[in-house]
Amino acid sequence: MEQKIHQGRNVKRFREMLGIKQEALAFDLGNDWNQKKISMLEQKDIIEDDILNQISEALKIPVEAFQNFDEEQAINIISNTFGDNACVGNPKSTFNFNPIEELKKLHEEKIDLFERMLKEKDEMMARLEKLINK
């Protein structure tokens with residue numbers, strides 16, 4: 001039996017690899033999004049193209065990754081292609097490039113900004129509570 005690609009699970013997989021929480025993705029997608037809606041989206045087999053495009057933009061991951069990524073197939077390709085010392089490109093070259101680390105770096109600034117905004121909101125709420133209680 002041919003396994004179907006589960007787009008929602010792929011969104012979740014890539015989001016988690018980037019260290020991005022559902023709340024942060026919801027924040028990036030706009031006001032009509034929240035954590036619960038992202039959670040429900042990640043359970044869907046097929047996601048509408050316009051939403052996939054928005055997620056692709058937010059996570060900086062090509063739409064095709066969500067549409068075509070099949071974990072079992074990827075594991076088979078990797079295990080059949082790469083030996084212990086395999087190197088793509090010039091065999092004399094040394095590669096220290098880790099795409100997941102590079103993607104994480106791209107998102108650290110966004111996460112930092114989001115955390116600062118949350119902290120500022122908490123501080124503002126505390127100040128408002130003090131004013132109300134006076």
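Only a predicted model underlies this, so the values are computations on that prediction, with no experimental measurement involved.
A side-chain hydrogen bond (donor to acceptor under 3.5 Å, both in side chains) with Glu42 is found for exactly one of Lys12, Arg9, Gln22, namely Gln22.
Counted within 6.0 Å of CG on Asp50, heavy atoms from surrounding residues, nucleotides or ligands total more than 12; the atom is thus considered enclosed. For Lys21, the NZ atom counts as loosely surrounded, since its 6.0 Å shell holds 12 or fewer non-hydrogen atoms of other residues, nucleotides or ligands.
For the atom pair Lys130 NZ and Arg127 CZ, the distance stands at 9.0 Å (nearest 0.5 Å). Once rounded to the nearest 0.5 Å, the distance linking CD1 of Ile51 with CH2 of Trp33 reads 4.5 Å. Rounding to the nearest 0.5 Å places CE of Met117 at 10.0 Å from CE of Met124. One distance of note links CG of Asp122 with NZ of Lys119; it measures 10.0 Å at 0.5 Å rounding. Interatomic distance, CD1 of Ile47 versus NE2 of His6, reported as 8.5 Å (0.5 Å rounding).
There is no side-chain donor-acceptor pair under 3.5 Å between Glu23 and Gln35.
Taking the side chain as every heavy atom from C-beta outward, Leu59 and Phe66 approach each other to under 4.5 Å. Side-chain contact between Asn10 and Asn68 is absent, with no heavy atoms from C-beta onward closer than 4.5 Å. For the pair Asp28/Ile20, no side-chain contact is recorded, criterion being any heavy-atom separation below 4.5 Å from C-beta on.
In terms of heavy-atom proximity, Glu57 sits nearest to Lys60 at O-NZ, 3.2 Å. Between Ile61 and Ser56 the shortest heavy-atom distance is O-OG, 2.5 Å.
Without hydrogens or angle criteria, Lys37 side chain to Asp32 main chain gives a donor-acceptor distance under 3.5 Å.
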